[in-house]
Amino acid sequence: SYDVDAYAAEYIGKPITGFTWTASIRHDDYSDFDNATTWQLAASHQLSPTLRLRGSVGTGSKAPTFTERYGYFEDFFIGNPDLKPESSRGWEIGLDTRWSNDRYQFEVAYFDQDLQDEIDGFVFDPDTFLFTAQNKDSDSTRKGIETAFDMRLGKSFTLVATYTYTNAREENDLGQSVPEVRRPKHLASLSANYHFAGNRANLNMNLNYSGSQQDDFFSPVTNVAERVDIDPYTVVNLAGSWKLTSSLELTARISNLFDEVYEEVLGYVRPGRAVYAGLRGRFNF
């Protein structure tokens with residue numbers, strides 16, 4: 001066990017019309033690690049009735065988990081109680097626009113983040129012949145662009161599309177810059193929502209796409225990691241509801257509609273198609 005006392009403060013200012021800025025700070029006093037102080041500055045300015053500029057800069061911290069520090073799995077993993085928290089710093093700048101009485105909205109942002117003392121939970125220990133966790137000596141970086149488009153057609157139909165490009169890099173044991181594992185460069189989603197039958201019924205479709213990514217494969221013979229590719233995948237989820245009365249509503253959803261076989265982590269296949277149905281009630285007592 002360990003103890004942590006945290007103190008936080010935030011200030012929000014609106015010095016002029018259309019401009020808002022915030023400043024926040026947090027201090028974590030750990031009993032077992034070095035203390036961590038993190039902060040953030042953010043601002044937003046309404047350039048015109050349809051255009052908004054925003055940005056932020058700040059730092060972050062994440063303490064190691066109990067499993068990383070004290071976990072023990074026979075013939076596989078032993079914890080490292082000497083781990084220290086991860087720390088990060090980053091910034092982003094974005095532009096938001098809307099038009100046609102807010103029927104259409106578009107957002108775009110550029111982000112840049114640097115992670116220090118990242119915890120690697122797959123480090124081979126030659127003394128115990130088990131894997132353990134260690135803080136990495138080198139930093140890892142993530143840079144990219146996020147976009148979102150929101151469209152409203154009448155009062156019944158909404159469509160939201162998002163796309164994120166991420167360039168995540170880290171150093172390998174030879175000091176070479178390589179892609180970071182489990183960080184797909186391309187992520188996209190499409191969500192459609194439709195109300196009909198006098199708002200008694202609702203139908204929702206969600207599509208999620210993940211591009212190819214890399215992961216580490218540890219040979220059971222050599223215990224040496226080698227990079228392998230994880231294939232891209234697209235998963236579609238469908239959900240709907242129907243109001244029977246003002247108090248009762250039928251619900252149903254299908255996860256992984258097309259029974260896609262895919263992995264987010266090497267060796268762990270995600271669940272296939274699943275169908276759920278239910279009855280939701282709201283009552284006044």
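- A salt bridge links Glu264 with Arg270: at least one charged nitrogen is closer than 4.0 Å to a carboxylate oxygen.
- Residues meeting the side-chain contact (heavy atoms from CB on, under 4.5 Å) test with Arg98, sequence neighbours left out: Asp102, Gln105.
- The neighbour count for Lys84 NZ, taken as heavy atoms of other residues, nucleotides or ligands under 6.0 Å away, does not exceed 12.
- The residues Arg142 and Glu180 are annotated as salt-bridged, a charged nitrogen and a carboxylate oxygen being separated by less than 4.0 angstrom.
- Put simply, the side chain of Gln40 does not reach to within 4.5 Å of the side chain of Val57, judged on heavy atoms.
- No side-chain heavy atom of Phe131 sits less than 4.5 Å from a side-chain heavy atom of Val123.
- Between Arg69 and Asp32, at least one side-chain N (NZ, or NE/NH1/NH2) sits under 4.0 Å from a carboxylate O, which counts as a salt bridge.
- Pairs passing the ring pair (Phe, Tyr, Trp, His ring centres under 6.0 Å) check and including a residue from residues 227-258, sequence neighbours excluded, read Tyr233-Tyr262.
- Looking at heavy atoms from C-beta onward, Glu171 lies out of side-chain contact with Val178 at the 4.5 angstrom threshold.
- Ring centroid separation for the pair His186 and Tyr209 does not come in under the 6.0 Å cut-off.
- Residues forming a salt bridge (Lys or Arg N to Asp or Glu O under 4.0 Å) with Asp216 (at least two apart in sequence, or on another chain): Arg227.
- By the 30° and 60° cut-offs, the orientation of the rings of Phe149 relative to Trp99 is tilted.
- Side chains of Lys185 and Thr166 form no contact here, defined as non-hydrogen atoms less than 4.5 Å apart.
- Side chain of Asp112 to backbone of Lys143: no donor-acceptor contact under 3.5 angstrom is found.
- In summary, Lys243 and Glu249 do not engage in a salt bridge, as defined by a charged side-chain N under 4.0 Å from a carboxylate O.
- Separation of atoms OG1 (Thr128) and CD1 (Ile78) is listed at 5.5 Å; rounding is to 0.5 Å.
- Asp29 is linked by a side-chain contact (heavy atoms from CB on, under 4.5 Å) to Asp5, His27, Asn35, counting only residues two or more places apart in sequence or in another chain.
- Note: Phe77 and Tyr72 fail the aromatic proximity criterion, with ring centroids not under 6.0 Å apart.
- Tyr2 shares a hydrophobic cluster with Val4, Tyr30, Phe33, Phe66, Tyr70; the chain of contacts runs through ILVMFWY side chains whose heavy atoms sit under 4.5 Å apart.
- In summary, Glu92 and Arg54 engage in a salt bridge, as defined by a charged side-chain N under 4.0 Å from a carboxylate O.
- The closest donor-acceptor contact from the side chain of Asp125 to the backbone of Phe129 lies at 3.5 Å or more, if one exists at all.
- Partners of Val108 under the side-chain contact (heavy atoms from CB on, under 4.5 Å) rule, at least two apart in sequence or in another chain, are Leu95, Phe106, Ile145, Thr147.
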